[in-house]
S.K.: 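Pasting a structure below so you can have a look.
Below, all heavy atoms of this structure are taken into account, side chains as well, without hydrogens, waters or symmetry copies. This one's a predicted model, so the numbers in the text were calculated from it and none came from an experiment. Numbered from 1 within each chain, the chains take letters A, B, ... in sequence-line order.
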There are 2 protein chains.
Amino acid sequence: MQRQTAQRVAIEAVFGAAGRPLGPLEVLDAARERVPSLNLATVYRTLKRMQEEHAIHPVELPGEAPRYELRAAAERHHHHFRCCECDSVYDLKGCVAGLKKLVPSGFRMTDHEIVLYGTCRCCTS
Amino acid sequence: MQRQTAQRVAIEAVFGAAGRPLGPLEVLDAARERVPSLNLATVYRTLKRMQEEHAIHPVELPGEAPRYELRAAAERHHHHFRCCECDSVYDLKGCVAGLKKLVPSGFRMTDHEIVLYGTCRCCTS
DNA sequence: TGGATAATGCGAATGCGTTATCACTGCTCT
DNA sequence: AGAGCAGTGATAACGCATTCGCATTATCCA
């Protein structure tokens, strides 16, 4: 059965505190503040497990390794903002209308993805 | 100096004929109809060269290796449609209004990307 | 036409993100 | 407290896309 370990607790806490999608290395850095011995392999194992349990959901951006966000965040339809200064990704609220008019005739759209790029609040001088 | 080879001619022709973004393997398959001996390494070398010459431009979709499209296509602002049946990517015309209202206050948007998913005309039964 | 050399084909090698192996650690339950 | 075993850390190995090395081929220009 599943055990409660300091490593897993730390990793879960990191997602709760971040409130935005995180990559494996970001998780490692943040969780090491609580568990300094934490190893990247453990992060990957835990991410995989949490995914199987549907506790987290992958977030893929063009040309980048997957990040992960909590299921709670993933349940509401939303998109992402990627800061080109600090490479962080943020959740956005809402969506846009009018995507259907981009679809050529004879094509059927079942899903869509929107990514905004720019500078986040932290990096705006 | 640069030389005119059957391989390079074939690869350029493939992009002209396709009218949509192509990945290295798609290029290889198509160009082998003209030059059966064509090697994947040569495709990569040629794509790299064409990129340096700005003849083609990379197209990155979430979780996938880059495809490439002709500069002519890349010059007009546009987005892409990815067919989940055949994995082909198509160019779309136009864009949507209202992206700005997704940007949180304090953030500055400089660019954006939109990807539609679904079934293309060829795969619609 | 022939020589210099850019380009090719082939296979090995790289880089990066991710996963497997395995001895050891430390939860959990009795 | 102690046994049993899930979880961990460290490191090797993997898969994949891409690039390199090098002998061979083929283009271009005199």
Side-chain angles (χ1 to χ4, degrees), chain A residues 1-15 21-69 80 82 87-89 115, chain B residues 1-15 21-69 80 82 87-89 115:
Chain A
M1 88 239 46
Q2 171 111 225
R3 287 179 186 177
Q4 182 90 337
T5 66
Q7 289 82 346
R8 166 121 191 190
V9 169
I11 290 170
E12 286 171 352
V14 160
F15 275 107
L22 300 174
L25 288 174
E26 288 178 295
V27 172
L28 180 66
D29 282 350
R32 273 189 170 162
E33 305 217 339
R34 287 177 180 234
V35 183
S37 72
L38 183 63
N39 191 276
L40 184 56
T42 300
V43 171
Y44 274 108
R45 273 187 293 244
T46 305
L47 292 177
K48 193 179 183 188
R49 175 79 78 86
M50 290 175 76
Q51 241 188 122
E52 287 163 2
E53 296 165 353
H54 303 105
I56 56 173
H57 192 266
V59 172
E60 309 241 31
L61 299 201
E64 307 189 44
R67 292 168 174 80
Y68 299 87
E69 67 185 359
H80 297 98
R82 150 100 209 267
D87 299 339
S88 294
V89 171
V115 185
Chain B
M1 91 238 44
Q2 172 110 227
R3 285 179 188 178
Q4 182 90 339
T5 67
Q7 288 82 346
R8 165 122 192 188
V9 169
I11 290 170
E12 287 171 352
V14 161
F15 276 106
L22 301 174
L25 288 174
E26 287 178 297
V27 172
L28 180 68
D29 282 350
R32 272 188 171 162
E33 305 218 338
R34 287 178 179 232
V35 182
S37 71
L38 183 63
N39 190 274
L40 184 56
T42 299
V43 172
Y44 275 107
R45 274 187 292 243
T46 305
L47 292 178
K48 193 178 183 189
R49 175 78 79 85
M50 290 175 77
Q51 238 188 123
E52 288 162 1
E53 297 165 351
H54 303 103
I56 57 174
H57 192 266
V59 173
E60 309 241 31
L61 298 202
E64 307 190 46
R67 291 170 175 80
Y68 299 87
E69 68 185 0
H80 297 98
R82 153 97 208 266
D87 299 338
S88 294
V89 171
V115 185

S.K.: Flag the pair A:Ser37 / A:Val35 as yes when at least one side-chain heavy-atom distance between them is below 4.5 Å, and no otherwise.
M.R.: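 Side chain of A:Ser37 against side chain of A:Val35, heavy atoms only: contact under 4.5 Å found.
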S.K.: With a cut-off of less than 4.0 Å, is there a side-chain N or O of B:Asn39 near OP1 or OP2 of C:dT8?
M.R.: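 Answer no for this pair, as no side-chain N or O of B:Asn39 is under 4.0 Å from OP1 or OP2.
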S.K.: How bent is the helix from C:dT1-D:dA30 to C:dT30-D:dA1, measuring the angle between the end axes built from five pairs each, rounded to 10°?
M.R.: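 For the helix from C:dT1-D:dA30 to C:dT30-D:dA1, the axes at opposite ends meet at about 40°.
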S.K.: Checking B:Leu40 now: which residues fulfil side chain to side chain contact (heavy atoms under 4.5 Å, CB included) with it, not counting sequence neighbours?
M.R.: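 Result, side chain to side chain contact (heavy atoms under 4.5 Å, CB included) vs B:Leu40: B:Pro24, B:Leu25, B:Leu28, B:Val43, B:Tyr44.
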S.K.: Report the distance from atom OG1 of B:Thr46 to atom CZ of B:Phe15, rounding to the nearest 0.5 Å.
M.R.: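 One finds 9.5 Å between OG1 of B:Thr46 and CZ of B:Phe15.
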S.K.: From A:His80 NE2 over to A:Ser88 OG, what is the distance, rounded to the nearest 0.5 angstrom?
M.R.: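 The NE2 atom of A:His80 sits 12.5 Å away from the OG atom of A:Ser88.
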S.K.: Grab the CE-C1' distance between A:Met1 and C:dC27 for me, whole Å please.
M.R.: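 Going from A:Met1 (CE) to C:dC27 (C1'), I get 10 Å.
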S.K.: Of all nucleotides in DNA chain D that come within under 4.0 Å of a heavy atom of chain B, which is furthest toward the 5' end and which toward the 3' end?
M.R.: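 So the contact region on DNA chain D extends D:dA17 to D:dC28.
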S.K.: Starting at atom CD of B:Gln2, determine the distance to atom P of C:dT5, rounded to an integer number of angstrom.
M.R.: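 Going from CD in B:Gln2 over to P in C:dT5 covers 17 Å.
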S.K.: Between A:Thr42 and A:Arg45, do the side chains contain an N or O donor and an N or O acceptor separated by less than 3.5 Å?
M.R.: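 Yes.
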S.K.: Quick one: does B:Val89's side chain get under 4.5 Å of B:Arg82's, heavy atoms only?
M.R.: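 With C-beta onward as the side chain, the pair touches.
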S.K.: With nearest nucleotides of DNA chain D determined for B:Gln4 and A:Gln4 from heavy-atom distances, which residue corresponds to the more 5′ nucleotide?
M.R.: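 Per heavy-atom nearest nucleotide, the more 5' residue is A:Gln4.
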S.K.: Is the shortest heavy-atom distance from the side chain of B:Glu53 to the side chain of B:Gln2 under 4.5 Å?
M.R.: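 A side-chain contact exists here, since the closest heavy-atom pair is under 4.5 Å.
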S.K.: Using the rule side-chain contact (heavy atoms from CB on, under 4.5 Å), only one of B:Glu69, B:Glu60, B:Glu26 pairs with B:Pro21; which is it?
M.R.: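 The option that passes is B:Glu69.
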S.K.: Answer yes or no: is there a side-chain heavy-atom contact under 4.5 Å between B:Val14 and B:Arg34?
M.R.: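 They are not in contact (no side-chain heavy atoms under 4.5 Å apart), so the answer is no.
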S.K.: Name all residues meeting the ring pair (Phe, Tyr, Trp, His ring centres under 6.0 Å) criterion together with B:His57; count only those two or more places apart in sequence or in a different chain, and write none if there are none.
M.R.: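 Partners of B:His57 by the ring pair (Phe, Tyr, Trp, His ring centres under 6.0 Å) criterion come out as none, since no residue qualifies.
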S.K.: When you check the phosphate oxygens OP1 and OP2 of C:dA7, does a side-chain N or O of B:Arg49 lie under 4.0 Å from one of them?
M.R.: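 Affirmative; the distance criterion is met.
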S.K.: Side chain to side chain contact (heavy atoms under 4.5 Å, CB included) with B:Gln51: which residues, sequence neighbours excluded?
M.R.: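 Testing B:Gln51 for side chain to side chain contact (heavy atoms under 4.5 Å, CB included), a comparison that skips the adjacent residues, returns B:Ile56, B:Pro58, B:Tyr68.
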S.K.: Quick test: give all pairs of protein nitrogen or oxygen and nucleotides 16-19 of chain C nitrogen or oxygen below 3.5 Å, distance rounded to 0.1 Å.
M.R.:
| residue | atom | partner | partner atom | Å |
| --- | --- | --- | --- | --- |
| C:dT18 | OP2 | A:Tyr44 | OH | 2.3 |

